[in-house]
Amino acid sequence: MTSDRHASLQHSYGRAYEQMLEKVRYDGAYPTREKAEEAVRLVLAGLGRQLTGDERVELAARLPLEAARILTAQIPDTQPLGGWAFVKDLAARTGASLATTRWDTGSVFSAVAAYAGPDLITRILHQLPSGYALLFGHAELTRAA
């Protein structure tokens, strides 16, 4: 029974996650929902390796359950990557081009930002190394000394 339940969970996503996948598919102009989901899984797992603390917990609480699981299943890296290094890391993990991976990242981060809201995104951007603001579609802010 446990394996039947697990199998049904793999094929039956919650409505909120379905909507997130559709947003990513539409915004990213992906030909199929499966391609959009590949991008979501890749980018959220990568973000889960970068984000820590209250911002990680709060973002997970605002994302659809399936997306939150992808984010929180990752153990944060001890040395966070800057924005461009983040894209290069994701590209290396998949063998995709840097341009494609940058596109995937922007498409998924757009959906993440919609769930998170501007205040949480601002806090996330302050926590992460430089280079993420552009990935989220924001101007890169200089940090005060």
Seminar exercise, completed: Looking only at heavy atoms, the pair that brings Leu135 and Gly83 closest together is CD1-O, 3.7 Å
Problem set entry | Atom of Phe136, atom of Ala113 and distance for their closest heavy-atom approach | CD2-CB, 4.3 Å
Problem set entry | Expected output: side-chain Arg123 to main-chain Glu55 donor-acceptor under 3.5 Å | no
For this session: Please confirm whether the backbone N or O of Arg25 pairs with a side-chain atom of Arg33, one donor and one acceptor, at under 3.5 Å?
Result: no
Seminar exercise, completed: Of all heavy-atom pairs linking Ala68 and Ala60, the shortest is CB-O, 3.2 Å
Seminar exercise, completed: Nearest heavy-atom contact between Ser107 and Val24 is O-CG2, 4.0 Å
Problem set entry | Separation of Leu21 CG from Glu66 CD (nearest 0.5 Å) | 8.5 Å
Exercise. Are the side chains of Arg56 and Pro76 in touch, meaning some heavy atoms are under 4.5 Å apart?
Worked result: yes
Problem set entry | In one Ile/Leu/Val/Met/Phe/Trp/Tyr side-chain cluster, 4.5 Å: Leu98, Leu42 | yes
For this session: I would like to know whether Met20 and Leu63 meet side chain to side chain contact (heavy atoms under 4.5 Å, CB included); could you show each step before the answer?
Result: CA-CA 9 Å; Met20 181 181 194; Leu63 290 173; 4.1 Å; yes
For this session: For the residue pair Tyr17 and Glu37, establish whether any side-chain heavy-atom pair is separated by less than 4.5 Å.
Result: yes
Exercise. With a 4.5 Å limit on heavy-atom distance, are the side chains of Val112 and Arg62 in contact?
Worked result: no
Exercise. Does Gly131 offer a backbone N or O that forms a donor-acceptor pair with the side chain of Trp84 under 3.5 Å?
Worked result: no
Exercise. Side chains of Gln79 and Asp77: does their closest heavy-atom pair fall under 4.5 Å?
Worked result: no
Exercise. Stepwise, does the side chain to side chain contact (heavy atoms under 4.5 Å, CB included) test hold for Lys23 with Ser110?
Worked result: CA-CA 9 Å; Lys23 177 175 177 33; Ser110 173; 3.8 Å; yes
Exercise. Between CD of Gln127 and OG1 of Thr52, what distance do you get to the nearest 0.5 Å?
Worked result: 3.5 Å
For this session: Report the distance from atom CD of Glu38 to atom NZ of Lys35, rounding to the nearest 0.5 Å.
Result: 4.5 Å
Exercise. Rounded to the nearest 0.5 Å, how far apart are CD1 of Ile121 and NE2 of His126?
Worked result: 11.5 Å
For this session: Rounded to the nearest 0.5 Å, what's the gap from NZ on Lys88 to CG on Leu90? Could you check?
Result: 12.5 Å
Problem set entry | Nearest heavy atoms of Pro80 and Pro129, plus distance in Å | CB-CG, 3.7 Å
For this session: Mind listing the closest non-hydrogen atom pair of Trp103 and Asp27 along with its distance?
Result: CZ2-O, 4.1 Å
Exercise. For the hydrophobic clusters of this structure (ILVMFWY residues joined by side-chain heavy atoms under 4.5 Å, transitively), does one cluster hold both Leu120 and Leu47?
Worked result: yes
Exercise. Do Asp104 and Tyr30 have side chains that get closer than 4.5 Å, going by heavy atoms?
Worked result: yes
Problem set entry | Stepwise side chain to side chain donor-acceptor pair (under 3.5 Å) check, Thr100 with Ser97 | CA-CA 5 Å; Thr100 297; Ser97 73; 2.9 Å; yes
Problem set entry | Hydrophobic cluster identity match, Leu134 and Ile124, side-chain contacts under 4.5 Å | no
For this session: Would you check if the side chain of Arg41 reaches a backbone N or O of Ile70 as a donor-acceptor pair within less than 3.5 Å?
Result: no
For this session: Give, for atom NE2 of His138 and atom OG1 of Thr122, the distance between the pair rounded to the nearest 0.5 Å.
Result: 6.5 Å
For this session: Would you indicate whether the side-chain heavy atoms of Tyr132 and Gln50 approach each other to under 4.5 Å?
Result: yes
Exercise. Would you say Asp89 and Arg49 make side-chain contact, with heavy atoms under 4.5 Å?
Worked result: yes
